[in-house]
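What you are looking at is a predicted structure, and each value in this text was computed from that prediction instead of being measured. Below, chain A is the first sequence line, B the second, and so on; all start at residue 1.
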Protein chains: 2
Amino acid sequence: MADGQSRAERKEATRQRLLDVTLRLIANRSLDSISLREVARTAGIVPTAFYRHFESMDQLGVELVDDCMRSLRQMIRDARRGVASHGDIIEGTIEVLGRQVREHPDQFRFLVRERYGGVRQVRRAIDTELTLFTSELAVDLARLTAGFDWSSEDLEMTADLMVAAMLKAIIDLLELDPKPARRRPDEQAILNRGAKQLRLIALGMGEWRSKD
Amino acid sequence: MADGQSRAERKEATRQRLLDVTLRLIANRSLDSISLREVARTAGIVPTAFYRHFESMDQLGVELVDDCMRSLRQMIRDARRGVASHGDIIEGTIEVLGRQVREHPDQFRFLVRERYGGVRQVRRAIDTELTLFTSELAVDLARLTAGFDWSSEDLEMTADLMVAAMLKAIIDLLELDPKPARRRPDEQAILNRGAKQLRLIALGMGEWRSKD
DNA sequence: CGCTTCAGTGAACAGTCGTACACTGTTCAG
DNA sequence: CTGAACAGTGTACGACTGTTCACTGAAGCG
């Protein structure tokens, strides 16, 4: 064999290359405007070889969601651990969020773009994961509000709002100047605002009395 | 002339047909996956005639933003008037929001889709309008918090969060079953949740003390 | 070692795309 | 009434698309 790689490893490498290349191409366009040929060409294989890995671009899109969601889940785990070590829940969460977006911008850009984008299956896949995330956050909130008997509906409503605030922060981070030089101050401003928003919501929770 | 229309009127009618058709095609796909030919075909003209109205699909997209934004601005005006008549600011705003989305789903779908979509110029145009909207809301909030000397930064942060909550409600409304039958209860649930979220934020504002 | 498996190749296909160009026939101003 | 303006037509082009098929040659198994 050419390198120190088995055939299976080489195949997996090509597969990953296809996914990576698609993620990079997505940066300036939407998924359903990217052609199979373009992906194959950029990955350095012939169009027909694409079918050895995915049966269509749509299917690649769905698998790309899974891939990216692993990042997001990692973020959530980190955030939970951050709570334990950092003390302040909000500060810790926002910090983890900032780091993850900085480290995997393409993945988050893909998720944000295709969340409302063209391909139905992809949209669904992202939506499912996001709903799951909201539910988990609602469970966390339930623990924090134990004794105040919040209805599960109110918990979900609050989690939904918090997720919306975090998503807005992610989106704003992604639209910063890609050059890392002039970027830092803005990045901190966005993260600070996000933290403030979460704190504002937390304050509201303290005064909340359900009315239904 | 064939109908009771001048040439200029006929031209304007075709132009509008192109815009409308594009809006309808956008429902299931993203702007940059729609071809000029498809738009022309659906509008009932030959591809080359398209150029009599727009110099490219991208330019049509930008003008479509302007068109749709007129709806959004109308919504804002209605909401402001609703405040005066309805008494409760939040209830009135959410009600107007629900009505507008129900009446112009395609326009809102376009704005939401292309807000993070492929075409840069379109994205920019939408972003500008949305930022403007947030600023106006911040001004409204300033009036409501007069005497509590909120910093303009905090006002903007709060307005940003409220806009995020409203956008989330709009998005959820758009993803409802298109069939009007089984739709009403879900629609009310989404609007109620949105109203609760705004109320939660308002409660937070009552307790807010800036820390910088 | 020989045989099979299979990731990747290359040519060919029927379509669609954006755009150029010369045109037609109605509208409208002078 | 005459001529220009111009919304819309029809044809043609080269480029690109997704998918087919028969193929090659190295990897991996018995």
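Taking atom CG on B/Leu18 and atom C1' on D/dA7, their separation rounds to 12 Å, with Å as the unit. Atom CD of A/Glu55 and atom P of D/dT19 are 10 Å apart (whole Å). Note: OH (A/Tyr51) to P (C/dG10) measures 18 Å, nearest angstrom. Between B/Arg37 atom CZ and D/dT11 atom C1' there is a gap of 11 Å when expressed in whole angstrom units. Atom pair A/Phe50:CZ and D/dT17:P shows a separation of 13 Å (rounding to whole Å applied). Nucleotide C/dT27 holds its C1' atom 13 Å from the CD atom of B/Glu9, rounded to whole Å. Atom CD of B/Gln5 and atom C1' of D/dG8 are 15 Å apart (whole Å). Spacing between atom CZ of A/Phe54 and atom C1' of C/dG8 amounts to 15 Å, rounded to whole angstrom units.
Taking side-chain N and O atoms only, B/Ser56 has no distance below 4.0 Å to OP1 or OP2 of C/dG18. Between A/Ser6 and D/dA27 there is no side-chain N or O to OP1 or OP2 distance below 4.0 Å. When the side-chain nitrogen and oxygen atoms of A/Arg41 are compared with OP1 and OP2 of D/dT17, one or more of them lie within a distance under 4.0 Å.
Nearest nucleotide to the A/Leu36 side chain, out of D/dT17, C/dT19, D/dG18: D/dG18. For B/Val46, counting side-chain heavy atoms from C-beta on, the closest listed nucleotide (D/dG10, C/dG8, D/dG18) is D/dG10. Minimum atom distance to the side chain of A/Ala49 is reached by C/dT9, of the listed C/dT9, D/dA7, C/dA7. In this structure, of D/dT17, C/dC17, D/dA27, it is D/dA27 that holds the atom nearest to the side chain of A/Arg7.
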Given A/Ser30 and B/Asp32, is the side chain to side chain donor-acceptor pair (under 3.5 Å) satisfied, shown in steps?
-> CA-CA 7 Å; A/Ser30 59; B/Asp32 64 2; 2.6 Å; yes
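Of the options B/Val101, B/Leu173, B/Asp186, B/Asp172, a side-chain contact (heavy atoms from CB on, under 4.5 Å) to B/Leu191 is made by B/Leu173 and by none of the others. A side chain to side chain donor-acceptor pair (under 3.5 Å) with A/Glu129 is found for one member of A/Arg73, A/Arg115, A/Arg124 and no other, namely A/Arg73.
Side chains of A/Gln121 and A/Asp58: no donor on one and acceptor on the other come within 3.5 Å.
Heavy atoms only, all atoms of each residue included: B/Thr134 and B/Ala159 are closest at O-CB, 3.5 Å.
Map B/Ala8 and B/Pro47 each onto its nearest nucleotide of DNA chain C; the residue landing nearer the 5' end is B/Pro47. A residue-by-residue look at A/Thr48 and A/Arg52 shows that A/Thr48 has its nearest nucleotide of DNA chain D further toward the 5' end.
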